[in-house]
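Fair warning: this is a prediction, and the values are worked out from it, not measured in the lab.
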Amino acid sequence: MKANPLVSIPSINSNSAQWIEWHKSLKSMVGIRTANQTWLYAWNKRKSDGANDGTLRNYMDKQGVKIDPDGLLEEISDTVGGVFGFFGNVIKIGSVVVGAMILIPVVIGGIVIFSALRNPKKTIEIASMATPQGRALGAASAASKSLKS
């Protein structure tokens with residue numbers, strides 16, 4: 001049986017990780033709506049600013065609770081963190097796109113090589129059809145075959 005989270009309310013000396021864990025415990029016991037209300041009530045009664053950091057604000061924002069930074073430094077930190085987070089996401093997306101741009105030609109090349117090794121005569125015919133001279137030879141070959149029949 002889990003411990004009752006209402007008995008283990010974070011203290012003045014609690015850090016952001018302890019507040020987050022307490023919220024998770026509340027949420028699993030009473031649901032997110034009641035957990036958010038209870039958590040916010042306890043948060044507003046605290047007598048310390050120590051736990052109010054970006055990690056806690058981000059977590060609680062995802063839970064639907066907005067916590068304001070305690071001062072100018074925290075606001076600047078959140079803004080800078082948001083900018084770096086944006087660029088981090090751009091880099092992640094860019095790396096996926098570049099990876100796809102590299103992976104797709106490699107896969108297509110592998111298929112072509114596999115096909116060439118499996119049936120070399122057919123590959124030569126297909127490759128010769130890619131040039132105007134090859135298409136002319138193919139047409140001439142087809143015409144001579146139809147004349148023979």
Side-chain angles (χ1 to χ4, degrees), residues 1-139 142:
M1 184 172 163
K2 289 185 177 181
N4 185 350
L6 297 176
V7 177
S8 61
I9 299 171
S11 69
I12 278 181
N13 299 323
S14 297
N15 60 29
S16 62
Q18 292 166 319
W19 280 94
I20 290 170
E21 284 306 311
W22 187 60
H23 181 267
K24 288 177 181 178
S25 179
L26 280 171
K27 190 168 68 168
S28 70
M29 181 168 255
V30 296
I32 192 163
R33 185 173 171 196
T34 304
N36 286 351
Q37 291 170 345
T38 305
W39 189 94
L40 202 51
Y41 179 80
W43 178 254
N44 289 330
K45 294 290 182 187
R46 81 192 194 294
K47 303 286 185 205
S48 169
D49 296 339
N52 191 354
D53 63 13
T55 304
L56 179 67
R57 288 191 295 274
N58 288 336
Y59 169 79
M60 290 309 296
D61 190 48
K62 290 176 184 171
Q63 304 306 311
V65 176
K66 175 92 169 103
I67 303 171
D68 292 325
D70 285 331
L72 182 62
L73 285 178
E74 285 85 6
E75 286 184 38
I76 292 170
S77 172
D78 285 354
T79 303
V80 170
V83 169
F84 282 126
F86 168 76
F87 285 117
N89 289 338
V90 168
I91 290 169
K92 285 179 192 173
I93 292 169
S95 65
V96 169
V97 170
V98 168
M101 290 173 61
I102 292 170
L103 185 63
I104 291 171
V106 167
V107 169
I108 292 172
I111 292 170
V112 168
I113 290 171
F114 177 75
S115 298
L117 294 174
R118 201 165 153 219
N119 192 350
K121 287 184 181 180
K122 179 104 172 152
T123 304
I124 292 170
E125 286 177 27
I126 291 171
S128 69
M129 296 304 284
T131 64
Q133 294 87 357
R135 287 191 293 274
L137 285 175

For the pair Met60 and Lys66, evaluate side chain to side chain contact (heavy atoms under 4.5 Å, CB included) and give the outcome as yes or no after the intermediate values. CA-CA 7 Å; Met60 290 309 296; Lys66 175 92 169 103; over 6 Å; no
Any donor-acceptor pair under 3.5 Å linking the side chain of [X] with the backbone of [Y]?
X: Trp39; Y: Trp19; answer: yes
X: Thr34; Y: Gly31; answer: no
X: Ser115; Y: Ile111; answer: yes
X: Ser14; Y: Ser11; answer: yes

For Leu40, the option from Thr38, Asn36, Asn44 that meets side-chain contact (heavy atoms from CB on, under 4.5 Å):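 Single pass found, and it is Asn44.
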Which atom of [X] lies closest to which atom of [Y], heavy atoms considered:
X: Ser8; Y: Trp22; value: O-CD1, 3.4 Å
X: Ala42; Y: Ile9; value: CB-CG2, 4.2 Å
X: Ala100; Y: Pro105; value: O-CD, 4.2 Å
X: Ile67; Y: Arg57; value: O-CD, 3.3 Å
X: Gln18; Y: Asn13; value: OE1-O, 4.2 Å
X: Leu56; Y: Ser16; value: CB-CB, 3.7 Å

Rounded to the nearest 0.5 Å, how far does [atom2] of [Y] lie from [atom1] of [X]?
X: Gln63; Y: Lys24; atom1: CD; atom2: NZ; answer: 8.5 Å
X: Ile20; Y: Asn58; atom1: CD1; atom2: CG; answer: 9.0 Å
X: Trp43; Y: His23; atom1: CH2; atom2: NE2; answer: 12.5 Å

